[in-house]
Structure formats: structure tokens, C-alpha cells
Amino acid sequence: MQDNALHSQPHDTVIKGARVVTSGTVTTCEIGIVSGRIVTLGTGLCGHEVIDATGLIAMPGGIDGHVHISQPSGPGVEMADDFASATRSAACGGNTTVMPFCLATEGQTLREAVADYMAKAEGQCLTDVSFHLIVTKADPVTLGQDLPALIAEGMTSFKVFMTYQGMRLTDAEILQVMDVAREQGALTLVHAENEDAIEFLRDKAERAGQTTPVNHARTRPVPVEREATHRATTLAEVAGVPVMIVHVSNGAALEEIQRAKTRGVRVLAETCPQYITLTADDLDRAGFEGAKWVCSPPPRDTAEQAAIWTGLTSGAFDVFSSDHCPFRFDDSHGKDVPGARKSFRNIPNGIPGVETRLPILFSEGVTKGRISLQTFAALTATNNARIYGLEHKGSIAVGMDADIVLWDPSKTRTITQDILHHGSDYTPWEGFEVTGWPVRTILRGQTVMQDGEPVGQPTGHHVARAKPEVAA
Ligand code: DUC
Ligand code: ZN
Ligand code: ZN
């Protein structure tokens, strides 16, 4: 902590009166910002702009480590968000950085895909953006040229899928990809569900005429995820690399992660709001309505929600992300694509959630007394920055980017579609009440959301990342 004597020039901006969540403590102090960076934490600071944050909590701006934006999603299907709408929604939900995935289309190299995504994001973003890659081919160009080049450019993490025809890699291919991660010091993320088991169950369900949305959840049961989680952690063990298991939905998968850790495997784990608040019953609503909740892995039941909470409170999870993957419901290019009403197999997988991630965890976690403010900051920002190599983000500390979100911990709001800013035409949390709401989002010193609405020009840019420490 400093006093103003150490920074005698007026700051560009000073935030006064807030309780500030730093990496070690929660303290009342002022935050002095110059040229987009935090330069002073102290008292008696002066600034050209003074933000009175009395009664509010200042937290590191949210880093959503898992979002999908403008991602190719199959024939005739379009994602509901482009970079403008996704980052507007993210900023309104208290985020300052989002991490979308780059997926190459058929015939495109990964480097061409990245160039496309960069062009789509350019000049559109209200938050900063930092890309992960998706690896769907273990060919010599991808492994020998594209991955090393893109890692060197700061895209230091990539996801592989064990499910989805056309995207899944075999175990042999995953090992080859992990070997590149080991050589280059990058981090592998795994979507762990056993495709063959899903296909077996899906075919059986269809033959029996069980084709409504809830059958999506019934044909991707817990063992499908548990087995793949075991296999993914074992492959990481064989390859000698760390691995991040994304969107963990249940206690059995978490047990596999814990067992691997006990063996000395460096396993990181992510979970998401849908696994603490939604259940498979949501997919069982009348008619086609359940399609709104179709995502993979699917939401489970209240016992699994409790298991995920145990993981969140015990430190078993490293990060809490949204897996924002938005489609419109009432749209033949969205959930209602031709064939979707005939079989759940054809319903695009994914739900919108970048704007609701933080309020849901704040309310269900901090307000309800399950987790501390520091744990909240760690799960939603600090750990993401550390794990993924965002060197200047994720903490309120001198020298860091002034990425800050001000929370009103006593503000109660009911989540409804009409208060959100995403491109989707629904929210899976319609009617969900939360206490604790982000009221101002500040990106590198500039306010980008105030009182629930986006503010200012899109100044977000792509952030190249360092190599993850865990992969060193
Ligand atoms: N996996 C994701 O990570 N997001 C959306 C769909 C999916 O299967
Ligand atoms: Zn996934
Ligand atoms: Zn995802």
C-alpha cells in the first residue's frame, strides 16, 4: 500500500471508497490509475476523474476463460453472438477479458482460422480478447507448423475433443497433440465425453422413439464423462503434460481428477454456472422448449450440483467459466435448425451465459456464504490469468492493467432476457433471482459498462499470452 506522496502527479482516474479485493486481502483503499494501469493503492489520491465507489466492492475484472463467439457450428447453424454482441454482454456482466476458441473450417488451416477470427474481432470488442485454439486434426501441418507458430504468437492453450464426429481426436492423436504441448510449453484443454458410448446410447434412444430434447441428457450420462475424464488424465500422465479438464459437471468426474492429482498428474479443472444451478429436468420442459438447455456435458441433478459445490469450496476447481455458446431458440439457424424437432441429435449444443456467470456465482457463492470474496476473485479472474498466462490481468495490484469491476453486493435483480445484452433470444436463467450485481466495468482504466448498460467505444484488443507456468 502506498500513499499519494509516492505518486504525486494526479492520476487519470482514482476509485475511492470501495472495499478492494486484492490477492491477499479485502481492504478499503483508493485505486490510482495512469495510462490504463494501476499505479497506486493508497489513500488521499488525487485524479482527473474520481469515481465514488462508496458501498461497492472493487474486484479484478472477470476473465471468462471459456467462450465461443462466431464459431462455425455445423450446416445451417449460426452462433447468436459476434464479437460486438458477445463482448458487450461480457462487459455488462462484469468481465474485462474473454477467451474464445478458434476453430478451423473444413479445408482451412489453423493459422488461416486465427487470421479470420482476428479480423472479425478487430475494432468490435468492448472487452479484451485472448484466443485459445481448437485442434481437430493431428496432421503434420497442424502439429509441426501451425501450433508452434501460434503458440509463439501467444495462443498458448488449445482444446481437444473426445466427442463430436468430425472434431474428436483418437487417443493416439491426443497423445501427439499433447506431445507438441509438452515440447512448446502450452496447455491442453480437454472436452471429456466418450463419443462411442454416446453414439451407442443415442442410436438406441432414437430406435425407441425417444427423440425429445431431454434425451440429449439421458444419452450423455455421468459414466460417459467419468470414463473420458479418466482417459484424458491418463493420457496426460503418459504424455507427461498438465491438462485442463473443462466444463466438469459431476462428482464422479471430479473424483477421477482428484485420483490423477494423487498420482502426481498436473490436472486443472473448470466448472460452469449450469452445473450448480440447472438440472436435466430443465431439458424435459414441454414440447421443444427443453432445447434451450441443451449443452454438453448436460446439467445433471441436485446431488451432482452439491458435488460441484464441494469442489468449488474445497479448491478442487481452479476456474469457473461460462462456456458461453449462444444460439437463438426461435430460429431455424439456431436451436430450431431443420431436424432438431425430429431428434435431439440435431439440436446445436450450447447455452448463452457470459453475462450471467459472475452474478450467479456471486449470489449463490458469496451472498449465500459458501465462498469468500477472495475465492470468488480467484475462480473468476486471478486463476484464469495465472493459468493461461495473462501476465497483466486478473489482480488489483500495482503494475496490472486497470481491469476492475465494481459490485453492489446488496443489489437484487431477477435475471430476464430483457436485461441482458447477448445476441441470443433467451436466457436459460429466466426468472433466477440474484443478490449482488456488477454496476461498473472498467477496462484498462476506461469505463465500458455503467449501471447495466454498455458505455464508450470498443477499445478491446487481442492479448497475446505468456506460456502457462504449469506447462513450463
Ligand atoms: N463444448 C463446449 O465446450 N462448448 C459448447 C459445446 C461443447 O460441446
Ligand atoms: Zn466442450
Ligand atoms: Zn465450450
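We count ligands from 1, going down the list as the structure has it; atoms in each ligand are counted the same way. Computed over heavy atoms, backbone and side chain alike; hydrogens, waters and symmetry mates excluded.
Around the Zn ion (ligand 3), the protein N, O or S atoms closer than 2.8 Å are His66 NE2, His68 NE2, Asp323 OD1, listed by chain and residue number.
For the pair Arg370 (side chain) and Glu364 (backbone), a donor-acceptor distance under 3.5 Å is present.
In Cys325, the part holding a heavy atom less than 4.0 Å from any atom of ligand 1 is the side chain.
By the neighbour-count criterion of 12 heavy atoms within 6.0 Å, atom CD of Glu122 is sparsely surrounded, having that number or fewer from other residues, nucleotides or ligands. The local environment of CD in Glu106 is sparse, with at most 12 non-hydrogen atoms from other residues, nucleotides or ligands closer than 6.0 Å.
In this structure, atom 3 (O) of ligand 1 lies nearest to the protein heavy atom Lys159 NZ, 2.5 Å. Taking atom 8 (O) of ligand 1 as the reference point, the nearest protein heavy-atom neighbour is Tyr164 OH, 2.3 Å. For atom 1 (N) of ligand 1, the closest non-hydrogen atom of the protein is His191 ND1, 3.2 Å.
Annotation: side chain of Met449 is not in contact with side chain of Val439 (no heavy-atom distance under 4.5 Å).
Close contacts between ligand 1 and His247 involve ligand atoms 1 (N), 2 (C), 3 (O) [criterion: under 4.0 Å to a heavy atom]. Residue Ser296 approaches ligand 1 through these ligand atoms, each under 4.0 Å from one of its heavy atoms: 1 (N), 7 (C), 8 (O). Atom numbering of ligand 1 starts at 1 in the shown order; those under 4.0 Å from a heavy atom of Asp323 are 2 (C), 3 (O), 4 (N), 5 (C).
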- Task: Could you go through the ring-ring contact (aromatic ring centres under 6.0 Å, His included) check for His132 and Tyr388 one step at a time?
- Result: CA-CA 9 Å; His132 303 285; Tyr388 291 124; 4.9 Å; yes
- Task: Go through Ser343 and Glu206 one step at a time and tell me if the side chain to side chain contact (heavy atoms under 4.5 Å, CB included) criterion holds.
- Result: CA-CA 7 Å; Ser343 171; Glu206 283 181 331; 2.5 Å; yes
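Only one option out of Val190, Val238, Ile245 pairs with Thr233 in a side-chain contact (heavy atoms from CB on, under 4.5 Å); it is Ile245.
Residue His66 places a heavy atom under 4.0 Å from ligand 1.
For the ring-ring contact (aromatic ring centres under 6.0 Å, His included) condition, the pairs that include at least one residue of residues 255-290, sequence neighbours left out, are Phe288-Phe329.
Aromatic ring orientation, His191 versus His247: perpendicular (interplanar angle above 60°, classes split at 30° and 60°). Ring pair Phe101/His68 is parallel by interplanar angle, where below 30° counts as parallel and above 60° as perpendicular.
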